[in-house]
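Heads up: the structure comes next, in structure tokens.
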Amino acid sequence: MLNKALRNISYIILALVLPLFILLTSTEIAAFDINYYRAEYEKYNISENLAIEQKDLMDSTSKLLNYLRDNRKDLDFQTIVNGIEQEFFSARDKLHMVDVKNLFIIGRNIRNGILILLLFIIVMLKYNKTISFDLGKALLMSSIAGVLPIALLIILINIDFYKYFTIFHEIFFTNDLWLLDPNADRLVNIFPEGFFSDIAFRIITYYLTAQFILFILSIVLKYIKKHADAR
């Protein structure tokens, strides 16, 4: 009875936390791909619009990403803008990025905690031979449970991206520092709304690709188990 309960709890935990682990990992990969930023800047003509040399823009972006990785203590640096050396980010930009950095740190801590939990479950199941655990079933449950909320999210952001982008900020930020002025704050000009819709779909693509791989793997494992049991 206890072993059956442990098995069912393991299924539920995997179905809940594995999709979150994949989502956080997908977000991290997309958010720190410097080549993605270069492509987006070219797509939206950011360098020309802000009168910043592309190399200076990329250097500033690299410093920003290092800050978000917690490898840089602040965003105090200057760049040549329209031929004049000036502070790259406004005071409000910097305050908002403190909040963004904290979100990334929280996300990494959650992801690392999930990884430890998953390793614990794997070790427990490996050494407790009395628990009949079907890994294929667990991965199948996880892939299905993980796709449903993302499918809903895709529908919502296709209906009105700005609306749900705003709701996201209202949920995850406790202040209004994310409401930036394009005439005073450079951050909002570097990252227009199109940038965020593009990266959202990029994250979703990574996430769904990983879930599809898990789904295929679950089918393969169930096929192997079925034929092994038949022998």
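Every value quoted in this text rests on a predicted model; they were computed, and no experiment measured them. Counting begins at 1 with the first residue of the sequence.
Using the six-membered ring where Trp is involved, F191 and F196 have ring planes that are perpendicular, over 60° apart on the 30 and 60° scheme. Ring-plane geometry between Y37 and F195 is classed as tilted, the angle between the planes lying from 30 to 60 degrees on a 0 to 90 degree scale. Taking the six-membered ring for Trp and thresholds of 30 and 60 degrees, F161 and F165 have nearly parallel ring planes, at less than 30 degrees apart.
Judged by distance alone, the side chain of Y207 and the main-chain N or O of G146 form a donor-acceptor pair under 3.5 Å. Here the side chain of Y206 pairs no donor or acceptor atom with the backbone of A30 at under 3.5 angstrom. A donor-acceptor pair is defined here as one N or O able to donate and one able to accept, closer than 3.5 Å; such a pair exists between the side chain of T27 and the backbone of L23. Side-chain atoms of T209 come within 3.5 Å of backbone N or O of T205 as a donor-acceptor pair. Listed for the N82 side chain is no donor-acceptor partner under 3.5 Å among the backbone atoms of A51. Between the side chain of S218 and the backbone N or O of F215 there is at least one donor-acceptor pair closer than 3.5 Å.
Both L103 and I199 belong to a common hydrophobic cluster when Ile, Leu, Val, Met, Phe, Trp and Tyr are linked at side-chain heavy-atom distances under 4.5 angstrom. I167 and I204 fall within a single hydrophobic cluster, where Ile, Leu, Val, Met, Phe, Trp and Tyr side chains are chained together by heavy-atom contacts under 4.5 Å. No continuous path of hydrophobic side-chain contacts links I116 to L18 [ILVMFWY only; heavy atoms under 4.5 Å]. When the side chains of ILVMFWY residues are joined at heavy-atom separations under 4.5 Å, either directly or via intervening members, F77 and L64 end up in a single hydrophobic cluster. When hydrophobic clusters are built by joining Ile, Leu, Val, Met, Phe, Trp and Tyr residues whose side-chain heavy atoms come closer than 4.5 Å, directly or via intermediates, F32 is grouped together with L75.
Here the CG-CD distance, from D198 to E193, works out to 10.5 Å after rounding to the nearest 0.5 Å.
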Evaluate the criterion side-chain contact (heavy atoms from CB on, under 4.5 Å) for residue pair I46 and E40; output intermediate values, then yes/no. CA-CA 8 Å; I46 302 300; E40 288 291 292; over 6 Å; no
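In the hydrophobic clustering (ILVMFWY side chains linked at under 4.5 Å, chained through shared members), I155 is joined by I159.
With respect to the salt-bridge test (charged N to carboxylate O, under 4.0 angstrom), the residues D181 and R92 do not qualify. The pair K55-D59 does not count as a salt bridge, with every side-chain nitrogen at least 4.0 angstrom from each carboxylate oxygen. Between R202 and D33 there is a salt bridge, with a side-chain nitrogen of the basic residue lying less than 4.0 Å from a carboxylate oxygen of the acidic one.
No side-chain donor-acceptor contact under 3.5 Å links R186 and N189.
Put simply, the residue from N102, L68, L177 that forms a side chain to side chain contact (heavy atoms under 4.5 Å, CB included) with M97 is L68.
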